[in-house]
Amino acid sequence: MPIKKRGTGLTAVADAWQLADIDVSASYPIRPYTAVMAELAKRIANGTMKCEMVHGEGEHAQFSIAHGASMAGARATTGTSGVGVTYAFETYSPIAGSRCPIQALIGDRTLDPPGDFGSEHTDCLTLRDNGWIYGWAQDAQEALDNSLMYFRIGEDPEIMLPQIVAMDGYFVTHIAQDYEMPDQEQVDKFLPKFNPKFRLDVNNPVIMGPQIEPEMGPPLEWDRHVVMNKVKGKIVEVTEEFGKIFGRKYAPFVEEYMTEDADMVYVLQGAHAVTCRSAIKYLREAGYKIGMCRIRWFRPFPDEALAQILPKFKVAGVVDTGTSYGAPCGGGVLSTEVKAAMSEVPGKPIIQSFTSGLGGETITHEEFFAMAEMMKQTLAAGKIIQSGTWVNFNDYHEGASQINAAKTEAAPSK
Amino acid sequence: MAKVYKQVPFAAIVPSPQTENEGMVTGNWRFLRPVVDKGQCTECKTCYIYCPDACVNWAKDDGISFNLKYCKGCGICSNVCPVGAIARVPELDFDE
Ligand code: SF4
Ligand code: SF4
């Protein structure tokens with residue numbers, strides 16, 4: 001029987017790892033990731049969980065340990081946050097290139113300097129070009145569920161790719177919420193034991209990661225490119241099967257909220273979707289025809305799904321909770337990606353970039369209202385009025401904020 | 001003309017152990033080649049242990065030799081040799 005629990009995104013992932021019967025976990029403390037290693041250590045110490053826990057002397061070592069463990073055939077996990085993500089950078093491409101399906105948990109945290117413990121997606125977005133599959137969980141339940149689905153997809157013999165279960169630091173990693181921990185039998189049915197075709201084995205020795213000639217490089221890169229595209233089909237398949245076994249149905253790529261008659265939508269990923277939904281309820285009462293599209297996968301990027309969904313709307317406001325200084329159109333990484341994905345799509349909406357929620361700031365209702373107002377003005381004008389808006393900072397916001405201050409006061413008390 | 005790429009097995013994983021693997025010959029990136037003076041060499045095999053690319057061979061009758069198909073010319077072997085038996089000679093001094 002599944003158990004109802006109260007915990008954080010990190011205990012939820014520890015539960016997923018326990019259910020997945022991981023063999024090795026490599027650790028190194030950094031907030032907000034740390035609690036998952038503490039949780040695992042506790043479970044190993046009290047005998048609930050059997051798993052080899054290895055402490056690295058830093059994140060680079062940590063990911064290398066998981067890499068080696070995976071090569072030896074172990075289901076291996078690790079994780080980090082913020083500058084820990086960037087410190088381990090050298091290891092990402094080799095892990096993906098040697099097709100080791102390790103799983104990492106990344107609890108997002110702002111990159112230094114100075115030390116800012118708040119959440120932001122920038123850390124995890126920096127490794128988008130390294131061949132890992134990943135997406136953001138909006139809450140603890142989804143973190144647990146994603147972890148199980150990611151193992152299943154990444155370890156598929158046709159895929160063999162590492163995965164990142166990304167989640168907003170603090171908002172998901174640390175806020176206690178109710179979630180359901182599935183039954184061991186259900187998990188065993190869904191997730192078979194990891195059994196790679198190649199592993200380091202004294203009885204059947206192989207060389208992994210040898211030096212190659214330049215002429216051998218492109219075919220290997222091509223393999224990685226092809227497999228990334230294959231992941232999309234696998235996501236659809238696995239998400240559906242997950243729903244059947246565990247009873248929780250997820251949209252494979254993009255979750256739509258109140259979009260039926262909407263002419264404007266927020267496009268975002270991660271935990272701020274929760275606030276966004278409640279903001280939409282107020283906005284609907286105030287007469288805004290607005291909805292939300294929450295992106296569940298970042299790599300591979302769901303361009304086909306967006307191409308199908310977004311042309312229904314007139315304006316799409318992409319909310320970036322990360323930065324890419326000097327990026328085109330004044331937006332962040334997510335809006336750049338959405339714009340690229342939509343560039344050749346006929347009937348695409350006007351795509352507007354918003355940056356908000358940096359440094360662990362909550363995106364408030366008022367900020368969502370302000371974005372809605374800006375989208376409404378874009379809709380009326382039929383064109384972007386300001387390319388790349390930092391909500392709360394840009395001048396353009398001032399007018400909108402006055403309008404919205406009035407609106408907030410008048411907002412229905414729900 | 002279409003480019004000719006070399007097909008590589010899944011994730012470049014190849015059988016082992018082999019003293020050399022024809023599928024994985026690396027290009028000649030050297031500009032200095034290790035040359036051992038067998039008169040000085042004590043056959044301590046320090047170079048054999050240290051070569052990061054496993055290019056140092058040792059045979060009972062023949063002593064130390066280098067597999068130049070894989071040698072990068074990094075000079076580690078020459079640095080670690082306790083008796084200074086390995087010289088680093090410019091590649092251009094050789095015909096082949
Ligand atoms: S030069 Fe470097 S690669 Fe060549 S044999 Fe010596 S240690 Fe090995
Ligand atoms: S390290 Fe020097 S002395 Fe020892 S085996 Fe190599 S060449 Fe000979």
Side-chain angles (χ1 to χ4, degrees), chain A residues 67-73 76 91-102 130-133 154-162 194-228 230-231, chain B residues 1-34 45 47-59 64-80 86 88 91 94 96:
Chain A
H67 188 185
S70 178
M71 281 175 158
T91 66
Y92 297 124
S93 191
I95 290 171
S98 45
R99 309 288 289 274
C100 285
I102 72 170
N130 286 267
W132 287 54
I133 58 178
E155 290 175 2
D156 189 291
E158 282 185 56
I159 308 292
M160 294 293 283
L161 285 178
F194 177 46
N195 189 16
K197 193 166 165 208
F198 302 102
R199 67 173 85 203
L200 293 175
D201 171 7
V202 281
N203 297 315
N204 185 21
V206 289
I207 299 172
M208 289 173 161
Q211 196 70 47
I212 56 166
E213 285 181 74
E215 292 78 18
M216 296 168 166
L220 283 170
E221 304 288 18
W222 171 250
D223 285 351
R224 288 168 72 175
H225 168 72
V226 170
V227 76
M228 221 6 137
K230 256 196 212 164
V231 173
Chain B
M1 207 181 78
K3 274 205 162 182
V4 182
Y5 290 116
K6 289 197 186 153
Q7 201 47 55
V8 183
F10 174 84
I13 297 169
V14 286
S16 120
Q18 302 191 3
T19 43
E20 62 173 66
N21 189 320
E22 277 301 331
M24 294 294 157
V25 176
T26 55
N28 182 3
W29 303 331
R30 273 188 319 270
F31 64 97
L32 293 171
R33 185 189 289 196
K45 301 198 199 76
C47 54
Y48 173 85
I49 293 163
Y50 273 85
C51 171
D53 285 272
C55 310
V56 183
N57 295 326
W58 180 80
I64 292 293
S65 65
F66 300 100
N67 187 341
L68 296 172
K69 278 194 230 165
Y70 305 92
C71 169
K72 314 291 183 300
C74 68
I76 290 174
C77 52
S78 150
N79 271 330
V80 296
I86 302 173
R88 304 185 70 201
E91 269 303 315
F94 300 92
E96 84 289 355

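Chain naming here is simple, since letters A, B, ... match the order of the sequence lines and numbering starts at 1 in each.
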Visitor: Quick check on A/Phe198: does its CZ atom have over 12 non-hydrogen neighbours (other residues, nucleotides or ligands) under 6.0 Å away?
Guide: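 Enclosed: over 12 neighbouring heavy atoms sit under 6.0 Å from CZ of A/Phe198.
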
Visitor: May I ask you to check whether over 12 heavy atoms, not counting those of A/Trp222, lie within 6.0 Å of atom CH2?
Guide: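 No, because the 6.0 Å sphere around CH2 of A/Trp222 holds 12 heavy atoms or fewer from other groups.
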
Visitor: Are there more than 12 heavy atoms of other residues, nucleotides or ligands under 6.0 Å from atom CZ of B/Phe94?
Guide: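 Correct, the count exceeds 12.
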
Visitor: Might you point out which heavy atoms bring B/Ala11 and A/Gly97 nearest each other, and give the distance in Å?
Guide: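 In terms of heavy atoms, the two residues are closest at CB-O, 3.6 Å.
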
Visitor: Grab the two heavy atoms, one from B/Val4 and one from A/Glu215, that are nearest each other, plus how far apart they are.
Guide: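 Reported closest heavy-atom pair: O-CG, 4.1 Å.
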
Visitor: Return the NZ to CZ distance between A/Lys197 and B/Phe10, rounded to the nearest 0.5 Å.
Guide: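 Rounded to the nearest 0.5 Å, the NZ-CZ separation comes out at 8.0 Å.
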
